[in-house]
Novice: 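This is the structure, below, for whatever I ask next.
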Amino acid sequence: MARLYINPEKKKGKIHKELYGHFSEHLGRCIYEGVYVGENSPIPNTNGMRNDVVEALKEMQIPVLRWPGGCFADEYHWKDGIGPKETRKRMVNTNWGGVVEDNSFGTHEYMELCRQLGCENYINGNVGSGTVQEMAEWVEYLTFDGISPMAELRKENGQEKPWQVDFFGVGNENWGCGGNMRPEFYADQYRRYQTYVKQHQEKKIYKIACGPNAADYEWTEKVMQIAGNFMDGLSLHYYTVPSGNWGQKGSATEFDEETYYRTLKKTLFMEELLDKHTAIMDRYDPEKRIGLIVDEWGTWYDVEPGTNPGFLYQQNTMRDAMVAAINLNLFNHRCDRVRMANIAQLVNVLQAVILTEGERMVKTPTYHVFEMFKHHQDAELLDSWLECSEIETKDGVIPQISESVSVNADGEVHITLANLSADKECPMEICLQEAAGKVRGEILTGEIHQMNTFTEPETVKKEAFTAFTVEGDVLKFTMPPCSVIHFAVSE
Ligand code: AHR
């Protein structure tokens, strides 16, 4: 039996919609094929963007999309991706599979994609192999409205009015693929580069510094100390790798129960990471002005057999749905510091919400979790308290239930829960207190290996959940094993 207590009187801060963000890199079939097929493709598209994918992402309410990388960002020279497509440079994508990058998807196409999705943009600049001038000119090209060489160039390329840049990343993983820098060196580079990310537009550009790799607390300490005053956000990257061994990460679809629980245990490590990096940030920024930006998270398995190892294509099961629910609930609970999070990656790469094959598309279990959790976007986190049993696993104990609760501007309360047990249901009571009212429920559940394929795309899908009672202010129901439930409670 588990019990969740909600205190509707205690609001704990805004859950910025960007916690439900996504990441798209020039990697494998994420951008090309996954999103962008070109205007002449037989696959139905609008200005080259797949209609089916855009529609699904809008339904999921994608709030922000990071681009162009990843490791790709620190080798990306934005001028290669503008102007007539036939004259754009063809080059090798050195990070991801050594394939030809024809630059047919560049700045204009990315901005068009964000326009179609109705989402904010998050552009990641090149510090590792790019110049300060190049970064400054990109921002000028994107946002300057007066007379200047870059504004003229943009107009020549068909965009009269400047766009608005919402978020700008100054480098990516500069401790690794972005230049193998030491934190002191990067922090100084950050101070220099960000100086030239000029403010030509009315809305303030939110500048994001490269943060730590997982538990590299020294990186956070040094970068905050040296460059904290110059940033709005600091990134954090943490992937769930079931085996902990990057050489043999484990299969996305074939795993035993022990590996299932290990995956969840490793996901829950995110909690410690968020809290420890926050504690360091608190010392330099007690007002919590600087956001922690978890701009790469998700599962990372061995690629599907027979696929290009550099393309990072993996299937997605109910195990991934659990990983998504755990992380999103953790982010919600820490919304005072976590300002954005971007799952890696949008389509066909790592823990994708969508997979495509030619003209076919499937929504993964992870997609459905994002869709069910979308009600938390821009809502206020409510104080909640959980009593539940623990699951003993070979790698230590994990709680059986993951949860978070918010209230939106209309006073509707949204509760998201996951039962992490592979085989045990969980009777539950939720003490709604003053929040009690009309309840609607929806559920995603299945055996831990269940997934959606191109031949059976609807094996895992969200359904209405009505097997509950409301007695006074107590909501009673039983959560099936390996399930995610969303309740909406309104007057
Ligand atoms: O998401 C794949 C890669 O993982 C990104 O390019 C890089 O930033 C990280 O190491």
Side-chain angles (χ1 to χ4, degrees), residues 21-32 34-35 64-77 92-99 101 105 110 122-130 167-181 186 190 208-216 219 223 233-242 244-247 249 252 266-267 270 273 292-304 307-314 316 320 323-324 327 340-355 364 366:
H22 291 257
F23 168 39
S24 59
E25 181 168 9
H26 288 236
L27 194 179
R29 298 187 301 112
C30 182
I31 296 286
Y32 300 113
V35 178
V64 59
L65 182 63
R66 177 176 180 237
W67 172 85
C71 295
F72 184 82
D74 279 277
E75 279 201 298
Y76 185 60
H77 302 282
V92 57
N93 186 334
T94 56
N95 284 290
W96 306 117
V99 293
E101 164 63 58
F105 189 95
Y110 167 67
Y122 171 8
I123 295 179
N124 212 120
N126 178 347
V127 169
S129 71
F167 298 91
F168 196 89
V170 180
N172 167 74
E173 296 197 352
N174 301 94
W175 36 261
C177 64
N180 287 307
M181 301 176 193
Y186 170 73
Y190 174 80
I208 299 171
C210 165
N213 177 19
D216 184 352
W219 183 277
V223 173
L234 181 74
S235 70
L236 163 66
H237 289 183
Y238 175 61
Y239 285 97
T240 299
V241 179
N245 168 2
W246 285 87
K249 295 176 277 293
K266 285 192 181 289
T267 301
M270 179 69 90
L273 290 174
L292 186 55
I293 310 291
V294 192
D295 57 14
E296 289 187 31
W297 68 268
T299 51
W300 193 323
Y301 307 121
D302 294 332
V303 298
E304 290 305 313
T307 65
N308 187 328
F311 280 16
L312 311 186
Y313 176 74
Q314 64 190 39
N316 195 292
D320 295 272
V323 170
N327 275 323
M340 170 158 44
N342 311 70
I343 190 171
Q345 296 194 5
L346 190 69
V347 189
N348 292 331
V349 171
L350 299 176
Q351 192 178 346
V353 288
I354 287 174
L355 302 176
T364 65
T366 300

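Reckoned from all heavy atoms, side chains included, excluding hydrogens, waters and symmetry mates. Indexing begins at 1, ligand by ligand and atom by atom, following the structure's order.
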Novice: Around atom 4 (O) of ligand 1, find the nearest protein heavy atom and jot down its residue, atom name and distance.
Specialist: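 Ranking protein heavy atoms by distance from atom 4 (O) of ligand 1, first comes Glu296 OE1, 3.2 Å.
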Novice: Below 30° counts as parallel, above 60° as perpendicular, anything between as tilted: where do the rings of Trp219 and Tyr186 land?
Specialist: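 The arrangement is parallel - the two ring planes meet at less than 30°.
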Novice: Check Trp297 against ligand 1 and report side chain, backbone, both or neither, counting heavy atoms closer than 4.0 Å.
Specialist: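 It is neither; nothing of Trp297 touches ligand 1.
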Novice: Which value, rounded to the nearest 0.5 Å, describes the distance between Trp67 atom CH2 and Cys30 atom SG?
Specialist: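 Spacing of CH2 (Trp67) from SG (Cys30) equals 12.0 Å.
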Novice: Just one of Glu25, Glu296, His22 clears the side chain to side chain donor-acceptor pair (under 3.5 Å) bar with Gln345, so which one?
Specialist: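 Of the listed residues Glu25, Glu296, His22, the side chain to side chain donor-acceptor pair (under 3.5 Å) partner of Gln345 is Glu25.
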Novice: Where is the nearest protein heavy atom to atom 1 (O) of ligand 1: which residue, which atom, and how far?
Specialist: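 Going atom by atom, the protein heavy atom closest to atom 1 (O) of ligand 1 ends up being Tyr239 OH, 2.8 Å.
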Novice: Under 4.0 Å, heavy atoms only, figure out whether ligand 1 is touched by the backbone of Asn95, its side chain, both or neither.
Specialist: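 Neither part.
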Novice: For atom 10 (O) of ligand 1, what's the nearest protein heavy-atom neighbour? Residue, atom name and distance, please.
Specialist: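 It is Glu173 OE1, 2.7 Å.
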Novice: Going by distance alone, is a donor N or O of one side chain under 3.5 Å from an acceptor N or O of the other, for Tyr76 and Asn172?
Specialist: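 Not at all, the side chains of Tyr76 and Asn172 share no donor-acceptor pair under 3.5 Å.
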Novice: Check this for me - ligand 1, Leu312, N or O atoms closer than 3.5 angstrom, yes or no?
Specialist: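 Checking ligand 1 against Leu312, no N or O pair falls under 3.5 Å apart.
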Novice: Determine whether a donor-acceptor pair (N or O, by modelled atom type, separation under 3.5 Å) exists between the side chain of Asp74 and the backbone of Val127.
Specialist: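 Yes, Asp74 side chain to Val127 backbone: donor-acceptor pair under 3.5 Å.
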Novice: What are the atoms of ligand 1, with element, lying closer than 4.0 Å to any heavy atom of Phe23?
Specialist: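 In order of number, 1 (O).
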